[in-house]
Amino acid sequence: MVELQNVRITYPTGDGVSRITFQVPAAAFVFLVGPSGAGKSTILRAIYMDRFPDEGHIKVGAFSSLFIKKREIPFLRRRLGIVFQDFKLFTDRDVFENVAFTLRVIGSKEKVIKKRVLRVLADVGLSHKSRKNPAELSGGEQQRVSIARAIVNEPYLLLADEPTGNLDPETAKEIMRILFRINARGTTVIMATHNYEMVKNYPGRVIHINNGRIVNIG
Ligand code: ADP
C-alpha cells in the first residue's frame, strides 16, 4: 500500500529526514511516534507528495514518486484523506459544506453529495450539527468534522498529523476510537504523534522517529 525506500528529504536548513525505509500493508494502522521536530510531518508530506524525496523513493498504491507527473498528484490526493492537528476547517461555511467540499470540487452529483456527507457525519456522530458553523463547535467536534471531510471520498489511506494534539485526553480517546473504527472497515491509517504514552494504549504498529531517522520499528 505505502512503501518508502531510503528516503531523504532536505530543507534549506539541513536534513528533514534521511534513510527512511518502511512499508505499510493495506488495512494496517501505523503510528509514527517521535518528539517535535523528529521528522513525522515531513514523512507524511512525502506520502501525500507535497514534498518529493531528494534521495530514495515512495510508492503509494499505484503512484510512485519517481514517475508521477505533476498533473497526476490531484488523483493521488483524491485517494487519500488527510487530518491535521489544527483541523483546517472553513469558517465561511457550515459543517455540511465543509465535508461536501471535495465532492463538489470533483463535480459529484448533488444527490451523491447529500448521501455521502450525511453518512460520514453520522459516522462521526455529528448528524445534528450539519448546519452549524465550525466556529460554534468544540475542538473535538471540529476534529470529527475534519475526519468526516477526510473520509467522504472513501480514501484507501488516511493520514493524520497529530490529530489529538489540541485535544484533552478524553476527547483524544474519542478521536482514536473513530480512527480505529475507520481502520476496521479496511482503510489504512498512518498517524503521527509525539504522545508515546497514548500510543501504548492502542494496537497498531509503532515506528519511532528521532532526529530525522527511524530509531525503532515495533
Ligand atoms: P515533526 O513533524 O516530527 O515535528 P517535521 O517533519 O516538521 O517534524 O520537521 C523535521 C525537521 O525538518 C525539523 O528539524 C524541522 O525544523 C525541519 N523542517 C520541517 N519543515 C521545514 C521547512 N519547511 N523548512 C525548513 N526546515 C523544516
Side-chain angles (χ1 to χ4, degrees), residues 1-24 28-60 63-66 68 70 73-74 76-77 80-89 139-140 142-143 146-147 149-150 155 157-169 171-173 175-176 178-180 182-183 187-202 204-218:
M1 159 64 57
V2 179
E3 187 180 337
L4 286 84
Q5 188 65 45
N6 201 25
V7 168
R8 177 174 185 193
I9 289 179
T10 53
Y11 292 109
T13 43
D15 265 356
V17 295
S18 60
R19 294 194 201 168
I20 301 292
T21 297
F22 65 86
Q23 294 178 358
V24 178
F29 197 115
V30 171
F31 290 105
L32 297 176
V33 186
S36 173
K40 308 178 296 295
S41 302
T42 301
I43 294 170
L44 293 180
R45 285 179 69 194
I47 295 171
Y48 59 90
M49 299 198 191
D50 183 44
R51 266 298 314 245
F52 281 86
D54 298 296
E55 282 173 31
H57 68 269
I58 294 162
K59 274 175 28 184
V60 182
F63 298 93
S64 160
S65 63
L66 295 174
I68 194 167
K70 225 178 177 170
I73 292 176
L76 162 72
R77 302 261 171 86
L80 308 181
I82 311 176
V83 175
F84 297 97
Q85 176 170 2
D86 59 357
F87 323 134
K88 299 198 192 298
L89 298 172
Q142 290 186 53
Q143 192 57 297
S146 93
I147 293 171
R149 180 181 56 184
L157 173 63
L158 181 63
L159 303 173
D161 196 352
E162 297 277 5
T164 60
N166 282 353
L167 307 174
D168 63 77
T171 311
K173 272 188 207 160
I175 296 299
M176 293 309 299
I178 292 171
L179 293 178
F180 272 96
I182 293 166
N183 173 246
T187 306
T188 309
V189 179
I190 304 179
M191 169 174 161
T193 176
H194 66 274
N195 193 339
Y196 180 65
E197 285 306 311
M198 189 186 74
V199 165
K200 281 198 220 161
N201 298 321
Y202 296 97
R205 196 154 133 242
V206 182
I207 300 177
H208 292 261
I209 316 284
N210 205 356
N211 282 325
R213 298 280 184 93
I214 292 179
V215 290
N216 182 42
I217 299 191

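In each ligand, atom 1 is the first atom listed, and ligand 1 is the first ligand listed.
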J.: Got a donor-acceptor contact below 3.5 angstrom from the R51 side chain to the L44 backbone?
T.: no
J.: Keeping E162 on the side-chain end and H194 on the backbone end, is there a donor-acceptor pair under 3.5 Å?
T.: yes
J.: Any ion pair linking K40 and D161 (charged N to carboxylate O, less than 4.0 Å)?
T.: no
J.: For residues 31-60, which residue pairs qualify under ring pair (Phe, Tyr, Trp, His ring centres under 6.0 Å), counting only residues two or more places apart or in two chains?
T.: F29-F31
J.: Is there side-chain contact between L157 and V2, with at least one heavy-atom pair below 4.5 Å?
T.: yes
J.: Please report the shortest heavy-atom distance between T188 and N183, naming the atom on each side.
T.: CA-ND2, 4.3 Å
J.: For a quick check: using heavy atoms under 4.0 Å, what are the residues in contact with ligand 1, sorted by chain and number?
T.: Y11, T13, G16, P35, S36, G37, A38, G39, K40, S41, T42
